[in-house]
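Since the structure comes first, as structure tokens, the remarks are kept for the end.
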Amino acid sequence: MWKTYRFLGIVVIFLVCMMLAACGDDNDGNQENESNNADDSNGNKELGEQSISLGTDDYVSNTSNTYVAKLMLEEIGYDVEINQTDVGVEYTGLSDGSTNAIVGAWLPTTHRSYWEEYKDDLEKINTVTEKVELGLTVPAYMEDINSIEDLANNTNNIGEKLEWTITGISPGAGEMKLMESDVMPGYGLNENWELLESSGAAMSAALSDAIDQNEPIVVTLWTPHWTFNEFDLKILDDPKGTFGEPDDVFSVAGKDFKEQSPAAYKFLEQFSITKEETQTMMVDIKDGMDEEDAAQKFIDNHPDLKDQWLKGLE
């Protein structure tokens, strides 16, 4: 009999221990869920998947805003990686899921070809920046050159002065594609003029050098861009409308992103920034500041914007 009671006592102790362990596991699980999906009073801060990949090209107007988004998402609780590629790879990544979101989709014109190819897999979330412009741009001291037609008409022998060369950017850029498909043939520039492929940095350096020497130059440029803060420039008139209406810049993600990372999606719904604000970061980056440091400086100097972006997510 004593052995029987002893056996039953051991069984009871074992069962009690198992129950306590299970309760502990439940508490741990609940704590983890509370940590990963902590809701605010409005229930808007469900993190979901916490590893996020943001895509960007190498143009500072987009990279600076991307680093702002990265820092804000990290403050919410995400682990954020930035994939910097060319524009085509950005959209491929969004389509196949290797990139979750971007904040630099220039639509409807600049990234039109990429959007048309991948739009069935993607979702526009919010307008990040309104009315960004593309255009052929010259220093203001080129008083006789005010329209793309002046290039076509070789006004004041501008073709010979520039050796019939327009200084462009990287060949995969949306503006370069638009130049080749619409602008050059639209004005007959492809008969005499050459569109020189380079990069955003090389184009900016060439523009700076020309202005330092008070020489003529024509470049493919866009807003926002730091050169408009530094120099007196003018975008040439486009009477044929080959550049189209000014784009808006959108945040874009794969169609499952809202369900995958709800709080990140909500942040992107609230994330917007003006051209002038972006240009302040671009100047800092041009002057040698690291991109992430420039983004952090901007955030620190604009607490009102930070509050707007994180509304319901703090």
Side-chain angles (χ1 to χ4, degrees), residues 56-68 87 103-107 109-111 127-148 150-151 158 162 166-170 173-176 178-179 183 195-196 198-239 241-250 272-289 291 294-295 297-298 301-302 305:
T56 184
D57 53 38
D58 60 359
Y59 292 97
V60 182
S61 55
N62 290 332
T63 59
S64 55
N65 292 345
T66 301
Y67 274 97
V68 172
V87 180
V103 295
W106 289 50
L107 297 168
T109 304
T110 308
H111 291 175
T127 303
V128 176
T129 304
E130 295 181 338
K131 304 302 180 187
V132 293
E133 298 174 273
L134 301 176
L136 292 178
T137 302
V138 301
Y141 55 72
M142 293 174 60
E143 296 178 356
D144 295 331
I145 310 300
N146 297 292
S147 167
I148 301 176
D150 290 326
L151 303 182
I158 187 61
L162 293 177
I166 296 169
T167 303
I169 50 179
S170 57
E175 186 170 12
M176 292 291 278
L178 193 61
M179 283 288 296
V183 181
L195 179 61
L196 179 66
S198 60
S199 67
M203 176 277 297
S204 299
L207 178 62
S208 298
D209 289 344
I211 290 173
D212 286 345
Q213 300 173 57
N214 204 44
E215 293 179 346
I217 189 170
V218 180
V219 299
T220 57
L221 203 52
W222 60 94
T223 62
H225 198 278
W226 64 265
T227 53
F228 287 96
N229 287 41
E230 295 284 304
F231 308 121
D232 189 7
L233 304 173
K234 57 184 177 181
I235 296 177
L236 298 182
D237 292 337
D238 177 17
T242 56
F243 276 108
E245 292 298 317
D247 277 331
D248 289 331
V249 180
F250 292 89
S272 63
I273 188 168
T274 67
K275 291 186 289 188
E276 293 75 18
E277 289 164 345
T278 299
Q279 284 176 181
T280 63
M281 285 185 283
M282 296 177 73
V283 171
D284 283 336
I285 294 166
K286 185 270 298 184
D287 289 341
M289 186 176 291
E291 289 175 310
K297 174 184 174 183
F298 179 84
N301 289 340
H302 294 82
L305 280 178

- Task: Work out which heavy atom in P216 is nearest to a heavy atom in A210; give both atom names and the distance.
- Result: O-CB, 4.4 Å

- Message: Taking side-chain contact (heavy atoms from CB on, under 4.5 Å) as the definition, give me every residue that meets it alongside K286, ordered by chain and number, with sequence neighbours left out.
- Response: W226, E230

- Task: Can you measure from OH (Y141) to CD (E215) and round to the nearest 0.5 angstrom?
- Result: 7.5 Å

- In short, A206 meets T167 closest at the heavy-atom pair CB-CG2, 4.3 Å

- Message: Please report the interatomic distance CG(L178) to OG1(T220), rounded to the nearest 0.5 Å.
- Response: 11.0 Å

- Would you check if P224 and V132 make a side-chain contact, meaning some heavy-atom pair closer than 4.5 Å? yes

- Task: Hey, can you tell me if W222 and Y59 have their rings parallel, tilted or perpendicular (30° and 60° cut-offs)?
- Result: perpendicular

- Which distance, rounded to the nearest 0.5 Å, do you find between the OG1 of T223 and the CG of L134? 8.0 Å

- Indicate whether the side chain of N65 and that of T278 have a donor and an acceptor atom separated by less than 3.5 Å. yes

- Can you name the nearest heavy-atom pair linking N146 to D150, along with the distance? N-OD2, 2.8 Å

- About how many Å separate CD of Q279 and OG of S64, when rounded to the nearest 0.5 Å? 10.0 Å

- Query: Is the closest side-chain donor-acceptor distance between T63 and E291 under 3.5 Å?
  - Reply: yes

- Note on the structure: Interatomic distance, NE2@H225 vs CG@L207, rounded to 0.5 Å, equals 8.5 Å

- Determine whether more than 12 heavy atoms belonging to other residues, nucleotides or ligands lie under 6.0 Å from atom CD of E245. no

- Task: Examine the side chains of D247 and T110 and answer whether a donor and an acceptor come within less than 3.5 Å of each other.
- Result: yes

- Message: Could you measure the distance from the CD1 atom of I169 to the CG atom of L196? Nearest 0.5 Å is fine.
- Response: 11.5 Å

